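First the structure, in the form of C-alpha coordinates, and then the observations on it.
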Amino acid sequence: MRVRWSILVALLLVSASLAAQGVIVSPPVLAMDHRTRAGALELFNPGDRPTEVQVELVFGYPVTDSLGQYRLETPPTVPTGMRAATSWLEVYPARLTIPAGGRQTVRFLARPPATLADGEYLTRIVVASKYAPRAAAEESAAISTELSIEVKAVTTLLYRKGAVETEIAIAPPRVRQHGDTLDIRLALTPAGTAAFLGTLRFTLESTDGSVVATHDQPVSIYVPVDPLIRMAIPGLAAGDYSLRITPLAVRSDVPPGTLAPLRASPGFRLPLRVTRP
(Lines give C-alpha, C1' and ligand atoms only; values in the text may rest on other atoms or scores of the structure.)
Protein backbone atom coordinates (compact mmCIF):
# COMPACT_ATOMS: atom_id res chain seq x y z
CA MET A 1 0.00 0.00 0.00
CA ARG A 2 1.34 3.47 -0.89
CA VAL A 3 0.10 6.66 0.77
CA ARG A 4 0.97 10.16 -0.51
CA TRP A 5 0.29 13.49 1.15
CA SER A 6 0.62 16.88 -0.59
CA ILE A 7 0.52 20.05 1.51
CA LEU A 8 0.40 23.57 0.05
CA VAL A 9 0.92 26.65 2.21
CA ALA A 10 1.01 30.29 0.99
CA LEU A 11 2.86 32.83 3.12
CA LEU A 12 2.54 36.67 2.95
CA LEU A 13 5.67 38.56 4.00
CA VAL A 14 5.39 40.07 7.48
CA SER A 15 8.78 39.31 8.99
CA ALA A 16 12.49 39.53 8.31
CA SER A 17 12.84 36.12 6.66
CA LEU A 18 10.73 33.57 4.85
CA ALA A 19 11.20 29.82 4.95
CA ALA A 20 9.71 27.77 2.11
CA GLN A 21 9.95 24.08 3.06
CA GLY A 22 13.37 24.68 4.57
CA VAL A 23 14.47 27.16 1.88
CA ILE A 24 15.30 30.57 3.35
CA VAL A 25 14.73 33.56 1.05
CA SER A 26 16.62 36.82 1.44
CA PRO A 27 16.33 39.76 1.33
CA PRO A 28 12.66 39.90 2.37
CA VAL A 29 12.05 42.93 0.12
CA LEU A 30 14.03 43.33 -3.11
CA ALA A 31 14.39 46.89 -4.43
CA MET A 32 15.64 47.36 -8.01
CA ASP A 33 16.84 50.62 -9.55
CA HIS A 34 16.22 51.80 -13.12
CA ARG A 35 19.92 52.60 -13.56
CA THR A 36 21.10 49.03 -12.99
CA ARG A 37 17.86 47.20 -13.92
CA ALA A 38 19.01 44.09 -12.06
CA GLY A 39 18.56 42.46 -8.69
CA ALA A 40 19.09 39.14 -6.92
CA LEU A 41 17.64 36.91 -4.22
CA GLU A 42 19.60 34.28 -2.32
CA LEU A 43 17.96 30.95 -1.56
CA PHE A 44 19.42 28.69 1.14
CA ASN A 45 18.43 25.10 1.80
CA PRO A 46 19.39 24.14 5.38
CA GLY A 47 17.64 20.78 5.05
CA ASP A 48 19.18 17.34 4.77
CA ARG A 49 17.89 16.56 1.26
CA PRO A 50 17.62 18.39 -2.06
CA THR A 51 14.64 20.63 -2.76
CA GLU A 52 13.10 21.57 -6.10
CA VAL A 53 12.32 25.28 -6.46
CA GLN A 54 10.24 27.26 -8.93
CA VAL A 55 10.29 31.07 -8.98
CA GLU A 56 7.55 33.11 -10.65
CA LEU A 57 6.22 36.67 -10.63
CA VAL A 58 2.62 37.57 -9.73
CA PHE A 59 1.03 40.99 -9.37
CA GLY A 60 -0.63 41.37 -5.97
CA TYR A 61 -1.02 43.61 -2.94
CA PRO A 62 -2.45 43.34 0.59
CA VAL A 63 -6.03 44.42 1.25
CA THR A 64 -8.22 44.20 4.35
CA ASP A 65 -11.62 42.56 4.81
CA SER A 66 -14.59 43.71 6.87
CA LEU A 67 -12.94 42.40 10.05
CA GLY A 68 -9.72 44.29 9.43
CA GLN A 69 -7.74 41.16 8.53
CA TYR A 70 -5.19 41.21 5.70
CA ARG A 71 -5.29 39.03 2.60
CA LEU A 72 -3.36 39.12 -0.67
CA GLU A 73 -5.32 40.41 -3.67
CA THR A 74 -4.12 39.10 -7.06
CA PRO A 75 -6.38 40.70 -9.69
CA PRO A 76 -6.37 39.36 -13.27
CA THR A 77 -5.66 42.87 -14.58
CA VAL A 78 -3.78 45.75 -12.99
CA PRO A 79 -6.21 48.26 -11.45
CA THR A 80 -6.19 51.82 -12.78
CA GLY A 81 -3.62 53.94 -11.00
CA MET A 82 -1.41 51.03 -9.90
CA ARG A 83 2.00 50.30 -11.40
CA ALA A 84 2.99 46.72 -12.13
CA ALA A 85 6.46 45.48 -13.09
CA THR A 86 5.40 41.85 -13.58
CA SER A 87 5.21 41.75 -17.39
CA TRP A 88 8.69 43.15 -18.08
CA LEU A 89 10.77 41.35 -15.47
CA GLU A 90 12.69 38.14 -16.20
CA VAL A 91 13.87 35.47 -13.72
CA TYR A 92 17.11 33.45 -14.04
CA PRO A 93 16.86 30.55 -13.28
CA ALA A 94 13.13 30.11 -12.86
CA ARG A 95 13.48 26.41 -11.99
CA LEU A 96 16.30 24.88 -9.99
CA THR A 97 17.27 22.22 -7.49
CA ILE A 98 19.19 23.22 -4.38
CA PRO A 99 21.23 20.47 -2.69
CA ALA A 100 21.12 19.89 1.03
CA GLY A 101 22.94 22.74 2.75
CA GLY A 102 23.33 24.53 -0.58
CA ARG A 103 22.79 28.11 -1.73
CA GLN A 104 21.57 29.46 -5.05
CA THR A 105 21.32 33.00 -6.38
CA VAL A 106 18.23 33.88 -8.44
CA ARG A 107 18.66 36.97 -10.61
CA PHE A 108 16.06 39.39 -11.95
CA LEU A 109 16.50 41.46 -15.09
CA ALA A 110 14.21 44.36 -16.02
CA ARG A 111 13.29 45.21 -19.59
CA PRO A 112 10.87 48.11 -19.04
CA PRO A 113 9.25 50.01 -21.91
CA ALA A 114 11.14 53.06 -23.13
CA THR A 115 8.21 55.26 -22.12
CA LEU A 116 8.23 54.12 -18.49
CA ALA A 117 7.27 57.04 -16.22
CA ASP A 118 9.11 57.86 -13.01
CA GLY A 119 7.82 56.13 -9.91
CA GLU A 120 7.71 52.82 -8.08
CA TYR A 121 6.49 49.59 -9.69
CA LEU A 122 5.44 46.42 -7.88
CA THR A 123 5.39 42.66 -8.32
CA ARG A 124 5.38 39.66 -5.99
CA ILE A 125 8.02 36.95 -6.08
CA VAL A 126 6.52 33.50 -5.47
CA VAL A 127 9.05 30.86 -4.40
CA ALA A 128 7.54 27.38 -4.56
CA SER A 129 9.73 24.81 -2.83
CA LYS A 130 9.23 21.04 -2.88
CA TYR A 131 11.34 18.31 -1.34
CA ALA A 132 11.98 15.15 -3.25
CA PRO A 133 9.78 12.48 -1.59
CA ARG A 134 11.37 10.35 1.12
CA ALA A 135 10.20 6.76 1.33
CA ALA A 136 10.06 4.65 4.49
CA ALA A 137 9.22 0.95 4.47
CA GLU A 138 8.01 -1.49 7.09
CA GLU A 139 9.00 -4.87 5.70
CA SER A 140 6.83 -6.87 8.09
CA ALA A 141 3.66 -5.08 7.00
CA ALA A 142 4.90 -4.40 3.43
CA ILE A 143 3.86 -0.76 3.77
CA SER A 144 5.62 2.04 1.88
CA THR A 145 4.92 5.65 2.80
CA GLU A 146 5.96 8.65 0.71
CA LEU A 147 5.79 12.25 1.92
CA SER A 148 5.66 15.14 -0.54
CA ILE A 149 5.37 18.69 0.78
CA GLU A 150 5.20 21.93 -1.20
CA VAL A 151 5.20 25.43 0.28
CA LYS A 152 4.83 28.77 -1.49
CA ALA A 153 6.49 31.84 -0.01
CA VAL A 154 5.44 35.26 -1.32
CA THR A 155 7.76 38.24 -1.02
CA THR A 156 8.02 41.67 -2.66
CA LEU A 157 9.96 43.22 -5.53
CA LEU A 158 9.93 47.01 -5.96
CA TYR A 159 11.29 48.63 -9.12
CA ARG A 160 12.03 52.35 -8.92
CA LYS A 161 12.70 54.91 -11.62
CA GLY A 162 13.75 58.40 -10.59
CA ALA A 163 13.35 59.85 -7.12
CA VAL A 164 10.46 58.38 -5.15
CA GLU A 165 8.91 59.27 -1.82
CA THR A 166 6.00 58.00 0.22
CA GLU A 167 3.25 59.52 2.31
CA ILE A 168 0.44 58.13 4.44
CA ALA A 169 -2.89 59.70 5.42
CA ILE A 170 -4.43 58.50 8.70
CA ALA A 171 -8.17 58.88 9.28
CA PRO A 172 -9.59 59.28 12.81
CA PRO A 173 -9.21 55.85 14.45
CA ARG A 174 -12.04 53.88 16.03
CA VAL A 175 -11.00 52.39 19.34
CA ARG A 176 -12.67 49.80 21.58
CA GLN A 177 -11.28 48.46 24.81
CA HIS A 178 -11.46 44.75 25.62
CA GLY A 179 -9.93 44.21 29.04
CA ASP A 180 -6.18 44.73 28.68
CA THR A 181 -6.32 45.31 24.92
CA LEU A 182 -7.23 48.24 22.68
CA ASP A 183 -8.78 47.21 19.35
CA ILE A 184 -7.90 49.99 16.91
CA ARG A 185 -9.44 50.22 13.43
CA LEU A 186 -7.46 52.59 11.31
CA ALA A 187 -8.22 53.75 7.75
CA LEU A 188 -4.91 54.30 5.95
CA THR A 189 -4.41 55.82 2.51
CA PRO A 190 -1.01 55.88 0.73
CA ALA A 191 0.15 58.83 -1.34
CA GLY A 192 3.34 59.97 -3.03
CA THR A 193 5.13 58.02 -5.74
CA ALA A 194 5.88 54.91 -3.65
CA ALA A 195 3.98 52.57 -1.37
CA PHE A 196 4.22 53.15 2.37
CA LEU A 197 6.45 50.46 3.82
CA GLY A 198 7.16 51.51 7.35
CA THR A 199 5.97 51.41 10.94
CA LEU A 200 3.04 52.94 12.76
CA ARG A 201 3.98 53.81 16.33
CA PHE A 202 1.11 53.86 18.83
CA THR A 203 1.87 55.78 22.02
CA LEU A 204 -0.51 56.04 24.97
CA GLU A 205 0.15 59.11 27.13
CA SER A 206 -1.26 60.17 30.48
CA THR A 207 -2.64 63.67 31.07
CA ASP A 208 0.81 64.89 32.20
CA GLY A 209 2.42 63.70 28.95
CA SER A 210 4.06 60.57 30.38
CA VAL A 211 4.23 57.57 28.07
CA VAL A 212 2.47 54.60 29.66
CA ALA A 213 2.30 52.14 26.73
CA THR A 214 3.70 51.80 23.21
CA HIS A 215 3.16 49.50 20.24
CA ASP A 216 5.03 49.41 16.91
CA GLN A 217 3.10 47.95 13.98
CA PRO A 218 4.96 47.19 10.71
CA VAL A 219 2.74 47.93 7.71
CA SER A 220 2.92 47.69 3.91
CA ILE A 221 0.30 49.97 2.37
CA TYR A 222 -0.23 49.97 -1.42
CA VAL A 223 -3.97 50.75 -1.54
CA PRO A 224 -6.40 52.19 1.03
CA VAL A 225 -6.87 49.69 3.86
CA ASP A 226 -8.68 49.58 7.19
CA PRO A 227 -6.77 47.12 9.40
CA LEU A 228 -7.49 46.00 12.93
CA ILE A 229 -4.51 46.65 15.21
CA ARG A 230 -4.40 45.37 18.78
CA MET A 231 -2.45 47.25 21.44
CA ALA A 232 -1.80 45.68 24.85
CA ILE A 233 -2.37 47.85 27.95
CA PRO A 234 -1.86 45.38 30.83
CA GLY A 235 -2.34 46.79 34.32
CA LEU A 236 -3.13 50.29 33.11
CA ALA A 237 -5.17 52.28 35.60
CA ALA A 238 -8.56 53.66 34.60
CA GLY A 239 -8.50 57.30 33.55
CA ASP A 240 -8.04 59.77 30.74
CA TYR A 241 -5.26 59.29 28.20
CA SER A 242 -4.24 60.35 24.70
CA LEU A 243 -3.46 57.90 21.90
CA ARG A 244 -0.82 59.23 19.52
CA ILE A 245 -0.22 57.55 16.14
CA THR A 246 2.99 58.39 14.30
CA PRO A 247 4.12 57.04 10.89
CA LEU A 248 7.84 56.17 10.66
CA ALA A 249 9.96 55.27 7.62
CA VAL A 250 11.64 52.39 9.46
CA ARG A 251 11.15 48.61 9.49
CA SER A 252 13.20 46.21 11.60
CA ASP A 253 12.63 43.44 9.03
CA VAL A 254 13.67 45.37 5.90
CA PRO A 255 17.32 46.05 4.92
CA PRO A 256 18.55 49.66 5.28
CA GLY A 257 18.17 51.74 2.14
CA THR A 258 15.15 49.78 0.89
CA LEU A 259 12.40 52.05 2.22
CA ALA A 260 11.33 55.13 0.29
CA PRO A 261 11.81 58.51 2.03
CA LEU A 262 8.74 59.64 3.98
CA ARG A 263 7.19 63.03 3.32
CA ALA A 264 6.03 64.96 6.35
CA SER A 265 2.93 62.94 7.23
CA PRO A 266 0.97 64.23 10.20
CA GLY A 267 0.05 61.55 12.67
CA PHE A 268 -3.05 61.51 14.81
CA ARG A 269 -3.84 62.23 18.45
CA LEU A 270 -7.03 60.93 20.05
CA PRO A 271 -8.37 61.55 23.58
CA LEU A 272 -9.14 58.18 25.15
CA ARG A 273 -10.86 56.96 28.31
CA VAL A 274 -9.60 53.69 29.80
CA THR A 275 -12.06 51.85 32.03
CA ARG A 276 -11.73 48.97 34.44
CA PRO A 277 -14.45 46.69 35.89
Side-chain angles (χ1 to χ4, degrees), residues 6-62 70-78 82-113 116 120-134 147-161 195 197 220 222 251 253-255 257-259:
S6 179
I7 303 171
L8 176 64
V9 180
L11 302 175
L12 175 63
L13 173 67
V14 292
S15 63
S17 63
L18 289 170
Q21 182 50 33
V23 173
I24 298 172
V25 183
S26 64
V29 177
L30 176 60
M32 292 174 58
D33 186 88
H34 188 67
R35 292 171 297 179
T36 60
R37 306 188 186 191
L41 284 182
E42 184 176 87
L43 309 182
F44 170 56
N45 176 17
D48 59 358
R49 50 183 165 146
T51 183
E52 301 170 358
V53 177
Q54 179 176 345
V55 183
E56 61 178 330
L57 301 174
V58 176
F59 181 72
Y61 47 90
Y70 281 102
R71 63 179 177 83
L72 184 64
E73 182 80 2
T74 55
T77 59
V78 179
M82 298 198 72
R83 296 180 169 131
T86 312
S87 63
W88 39 263
L89 284 167
E90 299 174 359
V91 185
Y92 302 99
R95 293 177 179 270
L96 60 147
T97 299
I98 306 178
R103 297 179 184 271
Q104 174 71 49
T105 298
V106 175
R107 303 190 185 280
F108 300 84
L109 177 64
R111 300 185 187 277
L116 189 73
E120 181 181 84
Y121 296 79
L122 167 70
T123 193
R124 300 289 170 178
I125 305 171
V126 181
V127 180
S129 180
K130 184 177 181 180
Y131 273 144
R134 170 179 291 173
L147 180 64
S148 176
I149 299 178
E150 183 182 63
V151 176
K152 288 186 177 180
V154 184
T155 186
T156 303
L157 187 154
L158 301 173
Y159 185 91
R160 293 167 178 161
K161 181 184 179 185
L197 275 65
S220 300
Y222 301 86
R251 279 276 290 269
D253 59 338
V254 175
T258 303
L259 302 179

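Predicted model, so just to flag it, every value in this text is computed and none were measured.
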### Query
Taking the side chain from E120 and the backbone from A195, do they hold a donor-acceptor pair closer than 3.5 Å?
yes

### Summary
Rounding to 0.5 Å, atoms CE (M32) and CG (L109) come to a distance of 7.0 Å

### Task
Output the distance between atom CD (E56) and atom CZ (R95), rounded to the nearest 0.5 Å.
9.0 Å

## Note on the structure
Here the pair of heavy atoms bringing G102 nearest to F44 is O-CD1, 3.4 Å

#### Entry: Sub-4.5 Å side-chain heavy-atom contact between L41 and S26
no

### Task
Only counting residues at least two apart or in another chain, list the ones meeting side chain to side chain donor-acceptor pair (under 3.5 Å) with R107.
none

### Query
Got a second to check how far R37's CZ is from K161's NZ, nearest 0.5 Å?
7.5 Å

### Task
Output every pair passing side chain to side chain donor-acceptor pair (under 3.5 Å) with a member in residues 97-106, not counting sequence neighbours, ordered by first then second residue.
E42-R103

### Task
First locate atom CG of L43, then atom CD1 of I24, and finally report the distance between them rounded to the nearest 0.5 Å.
10.5 Å

#### Entry: Exercise: do R124 and T156 side chains pair donor with acceptor under 3.5 Å
yes

### Task
Could you check L116 against H34 for side chain to side chain contact (heavy atoms under 4.5 Å, CB included), going step by step and ending with a plain yes or no?
CA-CA 10 Å; L116 189 73; H34 188 67; 4.2 Å; yes

#### Entry: Pairwise distance CD(Q54) to CG(L96) - rounded to 0.5 angstrom
10.0 Å

### Query
Do the non-hydrogen side-chain atoms of L57 and I125 ever get within less than 4.5 Å of each other?
yes

### Task
State, with a plain yes or no, whether a side-chain heavy atom of Y121 is found less than 4.5 Å away from one of L89.
no

## Note on the structure
All heavy atoms of F59 vs all of L122, minimum pair found to be CD1-O, 3.6 Å

### Query
Is a donor on one side and an acceptor on the other found under 3.5 Å between the side chain of N45 and the backbone of V23?
no

### Message
Using every non-hydrogen atom in the two residues, find where S129 and T51 come nearest and quote the distance to one decimal.
### Response
OG-OG1, 2.9 Å

## Note on the structure
In this structure, OG1 of T155 is separated from CG of L30 (nearest 0.5 Å) by 8.0 Å

### Task
Check A31 against T258 and note the closest heavy-atom contact, atom names and distance.
CB-CG2, 4.1 Å

### Query
Looking at L197 and S220, what are the two nearest heavy atoms and their distance?
CG-OG, 4.0 Å

### Query
For P62 and Y70, which heavy atoms make the closest approach, and how far apart are they?
CB-CD2, 3.9 Å

